[in-house]
Asker: 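Here's a structure for you.
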Amino acid sequence: MTEAPLIVPGTAGPQGQDDLLAGLNPQQLEAVTYRGPALLIVAGAGSGKTSVLTRRIASLLRSREAWPSQILAITFTNKAAGEMRERVAGLVGDVARGMWISTFHSACVRILRREAEQFGFTKTFTIYDSGDSRALIKRLVKEHEADAYGLTPASVQSRISKLKNELSDAESYARDANMSDPAERIFVELFADYQRQLRKANAFDFDDLIGQTVYLFRAFPQVADTYRRRFRHILVDEYQDTNHAQYALIHELTRPVSASAAPDPYASNGMMIFEPEPAAAPDAPEGGASLTVVGDSDQSIYAFRGADIRNISEFERDFPGAQVVLLEQNYRSTQNILSAANAVIGNNFDRKDKKLWSDKGDGDAIIGFTGYSQHDEAQFVADEVESLHRAGMPYSEMAVFYRTNSQSRALEEIFIRSAVPYKVMGGTKFYDRAEIKDALAYLVAVANPADDMSVRRILNKPRRGIGDVTETAIARFAEEHDISFRDALAHPTQLGFGPKIQAAIAQLDAVLTEATAIMLPASGELPPPTTVAEGLSLLLSKSGYLDALRASRDPQDEARVENLDEFVAVTRDFARNNPEGTIVDFLTEVALVSDADDLEDESGTVSLMTMHTAKGLEYDAVFVTGVEEDLIPHRISAGEPGGPQEERRLFYVGITRARKRLHLSLAMTRAQFGEVTVAMPSRFLQEIPAGLIDWRQSPGDVNSRGGMQSRALNARRSGGFGSSGSGSGDRFGVKALPGRDSLKPLSTAMDRFPNRVTAKVRDNGDLELTAGDRIRHTDFGEGRVDAVTGEGAKRIAHVRFDTSGQKKLLIKVAPIEKI
DNA sequence: TAGTATTGGCTTTTT
DNA sequence: GCCAATACTA
């Protein structure tokens, strides 16, 4: 063991640990205080794992077992990292600053930036997100004419990504592949070429960030030792979601320092680098770092992108002598919600049995609802949200989940009409917008001129009269003279184009050069970070990009200008938060921070998101929508090994987010793909004991005589929905159908559903309404206006309908008329 | 070469 | 139903 530091800098004095351990149950206590080489914390949903993790870190610091700089805590999202940092800071104060608390990806970027020169990259490398690499792969597929062999850019991309997650490269794949198959040969060529292009562009793709760090550690043991010496305590959150590359990274970091290991000349591709590390501390050799992992195999929902559940299930084998702590007490949800969750997940075979329990009491029943269409379902959600809100629950404590992003549309339509404030998390990403990608490409062209992709992207943006022909000619010129595409722009006269094109190229070159002078001064001194905003503004205005948008009469371009303004504001924010940040730091942040990370709850909006995004979050009231076959479980999952089980875990994640109220809803028909299709209730619904769900309108309620059964009958039924017990036939008003068939809708005729809601929107112009007016709504019938709030386009009518109850309506778009 | 019309193809989840 | 890539026209 390392000698414990004598003084912990910062505010944390030699206080006791009492406050850290207060209120912990015995298992949590063990998880915080156990000391040893390896610890696995199996943390069920809502079992207080973040609290345990942060207290464990704080405890290490307080007891002076570790310096902040010796701690590496890894999470999957930046949001989780930020939260953890904040909570640790709350426990130990400013000391928290010295720790690495970050995602796998940003930790690796940090290491790679520092070490890039060891293996042929520069510090300013760019990071390709999946869109960037798709663009590159697309070009390569075309060049190799790989489409003739049935290789699409998408399939190539996903195969390469999978392989990289397994730490294989083109060469190692080729060894095992059936190379007599021409398609395989082409794929291997593509893979190798892709990797060559990345290297040439001084770029890493997302998977490389992890994979290349592992490669770096293996090829340069003395580099790895630096980090092994530094990090003595490594903690990994959401361990069930790690893929093989991430697993290998952790393994490399927790190895004992290899002290006298010599660099392996073969592993480094012939680039021998002898840069002796400062001698190890006198008390070396040290053992490997201590490793703490936290996870829950029931919440593993990322197998599709390479997460390997075995990393957690075989942890004890990988790290012999590991201690295992099981956290089963749930502090989040009521027992009814947990019973439903346990019942669902219990259907997964091959899992260690684990039962969450709560001492919060049963709580409210789970509420079920079946709509005729997705709009009908959305209206139910909106109504329920409003009624909870009236009862005092803030919007920010409610969330609506769905399986696929496209399902958000119907919800949004209805929410807008009903004046429910909402926010879609992680939908179309800001950084995915074309204009933002263009602006980024301009910045990358400055920061990393070797990156041809970016330069090509901006070549004709705005339109400069440069087309395919010209681009190819420049590329050929660059190749012939063995210079980069960017450098080729500096020689417009030698390219043999017409004067107009020459001038355009010269102008672009001049703008880039000018921006480079601002953002990356040749003097080598650190430029103030405000230069990023300055440089960006300069690039956008002098390149003519903004002018072109302003001159356009496409209304969308107006929004694009606004987005760019916002983007410039982002750079200013960055400067404020990172006084020493450079353009490269800025680009790194942008590449790694997705919108799923801006989950800041602006209190006062309902959150809409996919069930994947929902992981790790919790809300008082949760609506899980679209609980239908082919959606959850998704149809695509049926063919994949382990697919249905992963879908069940996803559903489990969804329902365990709820603290007090859980709503499960579905639609009988769903417009998908432009067509209306009949939907079937999800098999997962049957796995929930019938007594736990109070169906406001169940799939079985619609009978062949039209209309639905009364609430009273519905609530009192004996056998329960979906059970094969006696009495289940009664509910249908027709002959009982056994087993799963009983979930089948008996009729999808529209007239059998009360309260149908359509997607119709109309423009009411300046329709004036005041309290006391009577109105007619196409879906809800007649009603009386109680009050009108808001102004202009956002005026909201609070209406009491004769038959449909209380609703809020956005006057401008609601399908209503005054009577 | 740019801008428009048309077709086709597709939709799981995302660090 | 939507977006993107392609084909076609100015």
Side-chain angles (χ1 to χ4, degrees), chain A residues 74-81 102-109 127 129-131 134-135 138 142 147 152-154 157-158 161 164-165 205-211 237-238 241-243 245-246 300-307 374 401-410 413 425-429 431-432 434 460-471 497-498 500-501 504 548 552-554 591-597 609-616 626 630-640 643 646-647 649-651 653-654 670-677 759:
Chain A
I74 295 186
T75 62
F76 267 82
T77 66
N78 293 293
K79 182 180 187 250
S102 65
T103 62
F104 271 106
H105 296 268
S106 35
C108 286
V109 170
I127 300 164
D129 67 19
S130 40
R134 199 184 53 232
K138 205 164 157 190
K142 206 176 259 175
D147 45 348
T152 63
Q157 183 178 27
S158 93
S161 173
K164 284 185 173 184
N165 286 335
D205 69 17
F206 247 29
D207 300 314
D208 278 346
L209 293 177
I210 317 283
D237 196 9
E238 307 281 18
D241 287 334
T242 49
N243 61 33
Q246 291 161 332
S300 158
I301 54 175
Y302 286 116
F304 73 92
R305 67 170 197 226
Q374 67 269 43
F401 303 156
Y402 36 80
R403 176 66 232 266
T404 68
N405 277 309
S406 60
Q407 288 169 252
S408 74
R409 187 173 302 137
E413 282 168 6
M425 322 309 292
T428 321
K429 295 181 176 116
Y431 292 106
D432 278 350
N460 196 33
K461 289 189 174 120
R463 306 237 133 89
R464 298 185 172 91
I466 301 175
D468 255 1
V469 185
T470 312
E471 184 181 328
F497 298 129
K500 227 172 138 184
I501 290 178
S552 151
R553 46 184 177 72
D554 182 343
L592 295 180
V593 173
S594 75
D595 279 359
D597 296 320
M609 68 190 86
T610 65
M611 285 184 237
H612 281 91
T613 310
K615 180 146 132 227
D630 289 350
L631 223 40
I632 176 83
H634 199 277
R635 60 198 318 216
I636 284 182
S637 73
E640 273 150 40
E646 175 145 318
E647 296 289 309
R649 290 194 292 269
L650 184 57
F651 186 60
V653 165
R670 188 167 291 272
Q672 246 185 341
F673 207 173
E675 256 161 287
V676 176
T677 53

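Naming convention: chains lettered A, B, ... in sequence-line order (proteins, then strands); numbering from 1 in each chain.
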Asker: If you pin A:Thr103 and A:Val469 to their nearest nucleotides in DNA chain B, which one's is more 5'?
Answerer: A:Val469

Asker: Hey, is the main chain of A:Gly643 close enough, under 3.5 Å, to the side chain of A:Glu646 for a donor-acceptor pair?
Answerer: no

Asker: In chain order, what residues pass the ring-ring contact (aromatic ring centres under 6.0 Å, His included) check against A:His634, with sequence neighbours excluded?
Answerer: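 Testing A:His634 for ring-ring contact (aromatic ring centres under 6.0 Å, His included), a comparison that skips the adjacent residues, returns none.
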
Asker: For the pair made of CD1 in A:Ile636 and P in B:dT14, what is the distance, rounded to whole Å?
Answerer: 13 Å

Asker: Whole angstroms only, please: what is the CD-P distance between A:Glu646 and B:dT14?
Answerer: 12 Å

Asker: Classify A:Thr470 by what it touches in the nucleic acid, base, sugar-phosphate, or nothing, heavy-atom distance under 4.0 Å.
Answerer: sugar-phosphate

Asker: If you check the A:His612 side chain, which of C:dC2, B:dT12, B:dT13 turns out closest?
Answerer: B:dT13

Asker: Output all residues satisfying salt bridge (Lys or Arg N to Asp or Glu O under 4.0 Å) with A:Arg134, sequence neighbours left out; order by chain, then residue number.
Answerer: none

Asker: Tabulated below should be each protein N or O lying under 3.5 Å from an N or O of nucleotides 2-7 of chain B; please produce it.
Answerer:
{"unit_1": "B:dA2", "atom_1": "OP1", "unit_2": "A:Gly465", "atom_2": "N", "d": "3.2"}
{"unit_1": "B:dG3", "atom_1": "OP2", "unit_2": "A:Arg463", "atom_2": "NE", "d": "3.4"}
{"unit_1": "B:dG3", "atom_1": "OP2", "unit_2": "A:Arg463", "atom_2": "NH1", "d": "2.4"}

Asker: Would you say A:Ser161 and A:Asp207 are linked by a side-chain donor-acceptor pair, where the criterion is simply a distance under 3.5 Å?
Answerer: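 Yes.
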
Asker: Between B:dT13 atom P and A:Gln407 atom CD, what is the distance in whole Å?
Answerer: 9 Å

Asker: Test of understanding: with salt bridge (Lys or Arg N to Asp or Glu O under 4.0 Å), list the residues that count as partners of A:Asp241, not counting sequence neighbours.
Answerer: A:Lys615

Asker: Is there a donor N/O on one and an acceptor N/O on the other, under 3.5 Å, for the side chain of A:Arg635 and the base of B:dT12?
Answerer: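 No, the side chain and the base share no sub-3.5 Å donor-acceptor pair.
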
Asker: So, using salt bridge (Lys or Arg N to Asp or Glu O under 4.0 Å) as the criterion, who are the partners of A:Asp208 when residues are at least two apart?
Answerer: A:Lys164

Asker: Using whole Å, what does the distance between atom P of nucleotide B:dT12 and atom CZ of A:Arg403 come to?
Answerer: 9 Å

Asker: With a 4.0 Å limit, can you tell me whether A:Asn405 has a side-chain N or O closer than that to the phosphate oxygens OP1/OP2 of B:dT12?
Answerer: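 So the side-chain polar atoms of A:Asn405 never come under 4.0 Å of the phosphate oxygens OP1 or OP2 of B:dT12.
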
Asker: In this structure, how many angstroms lie between the P atom of B:dT13 and the OH atom of A:Tyr402, rounded?
Answerer: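 Value for this atom pair: 10 Å.
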
Asker: Does the A:Gln407 side chain pair with the main chain of A:Thr404, one donor and one acceptor, at a distance under 3.5 Å?
Answerer: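 It does hold such a pair.
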
Asker: Does a side-chain heavy-atom distance below 4.5 Å link A:Arg403 with A:Leu650?
Answerer: yes

Asker: Quick check: does any side chain N or O of A:Gln157 sit under 3.5 Å from a backbone N or O of A:Ser130, one acting as donor and the other as acceptor?
Answerer: yes

Asker: Taking the six-membered ring for Trp, are the ring centroids of A:His612 and A:Phe304 within less than 6.0 Å of each other?
Answerer: yes

Asker: Grab the CD-P distance between A:Glu471 and B:dT1 for me, whole Å please.
Answerer: 11 Å

Asker: For the pair made of CZ in A:Phe304 and C1' in B:dT12, what is the distance, rounded to whole Å?
Answerer: 7 Å

Asker: Within the structure shown, what part of the strands sits under 4.0 Å from A:Ser406 by heavy-atom distance: base, sugar-phosphate, or nothing?
Answerer: nothing

Asker: Atom CD of A:Glu413 and atom C1' of C:dG1: how far apart are they, to the nearest Å?
Answerer: 11 Å

Asker: Could you pull out the protein-nucleic contacts involving nucleotides 4-7 of chain C (nitrogen or oxygen on both sides, under 3.5 Å)?
Answerer:
{"unit_1": "C:dA5", "atom_1": "OP1", "unit_2": "A:Lys138", "atom_2": "NZ", "d": "2.7"}

Asker: Does A:Thr613 place a side-chain N or O at less than 4.0 Å from the phosphate oxygens OP1/OP2 of B:dT14?
Answerer: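 The answer is yes; a side-chain N or O of A:Thr613 sits under 4.0 Å from OP1 or OP2.
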
